[in-house]
Amino acid sequence: MAFIPGCKNDLFISYAHADNIRGSDDHGVVETFVQRLREMLNQRLSQQGVEVFWDQTHLRANQVLDQALTEEVGGSALFLGLASPAFVNSQYTQLELDCFRRHNPSSNQQFFVELLPLEETGQARFGLSEHLRFEFWRRSGPTGQTPMMLDIKTDWELYMTNITQLANQLRDALVDIRNARSSGGTRTRPIAPSARLDPEIDETQSSDRGTVLLAQSTEDVDFEREQVRAALMQLGIKVVPEFHYPQGGEEFRAAFEKDLQDADLFVQLLGRTAGRQPPDMPDGYPMYQADAAQAAGVERLGWRHQEIDLEQIPQEHHQSLLSAEHVIASGLEAFKSEIVERLEKIKKPAPEKLSTSHYFIGADASDEHIASELLQAFGARKRFAAIPCFDDDPHERDEDIWFNLTESDAVLMMQGNAPVSWVRSFLNRLRRAIALRETPPEFTVLVKAPPKGGASINQSFPSLEVIDCTDGFDIDRIFHVLEPRL
């Protein structure tokens, strides 16, 4: 029984029989792929399991699909095409896809794996130019140019990375379809891969260690990109995007810039080529991503093979990107370490800058209690402040007050129990001190508190600001006025 009610199959796999060549495990590569994918889907949907159909025979009707195969295609919830040059040149795979699209026109139910890279004409024939594709091939080596299908033995890490991502994507699509059908609604989750690199890694990645935006790369460094992704995620570092961005200028730009808003570090692996260049991205995806990250103020860190000869890069804009200051030419392991170190520096809280400004709180001995309370509030906010030394000899106390009036960055005075004459005397001393200063205090504040703070001082004093606390001494009210200046 299929996981999706009313469907004969949950997944129909379309492929070219010519691609089912013998792999290192002595089985056909398509056969191995389907077996492993089925196991992973059953693991993720273990309570129900899934129905996966793939035609293992070579029997085909001339020009049209036979009735049995038509029922298998049309009765499937998802379509997975194993794309390759042989796939796009096969009339039968085209008929299978056309049949599926007649029954399920939504592109959200169509998935494609690239067993080998496709020419633009092949992509156009199947309408794949702007369609998400899971790449299942690699170059022959770090400097090689020959594309090769991934082999489950020789390319175990990359093979398992990619097929895990695909299985998670298919699982999400099946769950969404099942939920939508049970509720009578439609899909609410767009096709946006949610796969993790290792089925044993918790799918809820924490961003406590930071978020890395791992830029979309060109095919010649995809293998290295996935190695970097795996290493970061194993360290508990959040990596976006979780798989590929939608292709096409506008959709790509919107998805990329959304991830950029939350990224702590932009990481980009660069190959020899500038990659695809859609009309609205004339310099290609790599250059657009690097420029967008710089414009957004996100720190950038790039990497390229040490063997790349910059003089041999034909595109001038790509050569400039490869030689940019933020791009490192190093071994991949050293680059991984550099990412972690750079991210730790970014996420490390900046030490709080301690203000060296000094504030003097003038008060009569009768207001020592409120002056002390205000002094404690300054201390709690890590600000330098002082009140008079009330217990000192009067002469020494006056000398200390005079020093503070001539040297403090700002002056406050308290009018609570103190008589108006004390306030006037204090302001006159401050006026004489200002005459001797190179610059006046940043601000001068009179805090009026009960019981006598309501009395007028009958004196003008330029730039004097009054904080009225006559209805009750309120530290929060005072700092509501002061904090923007501290």
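All values below come from the heavy atoms of this structure, side chains included, with hydrogens, waters and symmetry mates left out.
Listed by chain and number, the residues in a salt bridge (Lys or Arg N to Asp or Glu O under 4.0 Å) with E325 amount to none (sequence neighbours excluded). For E373, there are no salt bridge (Lys or Arg N to Asp or Glu O under 4.0 Å) partners, not counting sequence neighbours. The side chain to side chain contact (heavy atoms under 4.5 Å, CB included) search around Q35 returns E39, not counting sequence neighbours. When the side chain to side chain contact (heavy atoms under 4.5 Å, CB included) test is applied to T32, the partners found at least two apart in sequence or on another chain are D25, H27, I152, Y159. With sequence neighbours left out, F33 forms a ring-ring contact (aromatic ring centres under 6.0 Å, His included) with F136. Residues that satisfy the ring-ring contact (aromatic ring centres under 6.0 Å, His included) test with F100, not counting sequence neighbours, are F79. Under the salt bridge (Lys or Arg N to Asp or Glu O under 4.0 Å) criterion, E311 pairs with no residue at all, not counting sequence neighbours. Under the side chain to side chain contact (heavy atoms under 4.5 Å, CB included) criterion, S357 pairs with S355, Y359, D409, E442, sequence neighbours left out. Residues forming a side chain to side chain contact (heavy atoms under 4.5 Å, CB included) with D259 (at least two apart in sequence, or on another chain): L213, V240, P241, Y245. Evaluation of the salt bridge (Lys or Arg N to Asp or Glu O under 4.0 Å) rule for E31 yields no partner, not counting sequence neighbours.
In this structure, M149 and I21 have side chains that are in contact, with non-hydrogen atoms separated by less than 4.5 Å.
The side chain to side chain donor-acceptor pair (under 3.5 Å) contacts involving residues 312-323 comprise nothing, where partners must be two or more places apart or lie in separate chains. Legend: salt bridge (Lys or Arg N to Asp or Glu O under 4.0 Å) pairs involving residues 289-305, not counting sequence neighbours, sorted by first then second residue: E299-R342.
With L41 as the fixed residue, the side chain to side chain contact (heavy atoms under 4.5 Å, CB included) test singles out one of V50, D10, N168: V50. Under the side chain to side chain contact (heavy atoms under 4.5 Å, CB included) test applied with W303, the options V267, L332, I339 reduce to a single match, L332.
Aromatic pair F256/Y288: centroids less than 6.0 angstrom apart.
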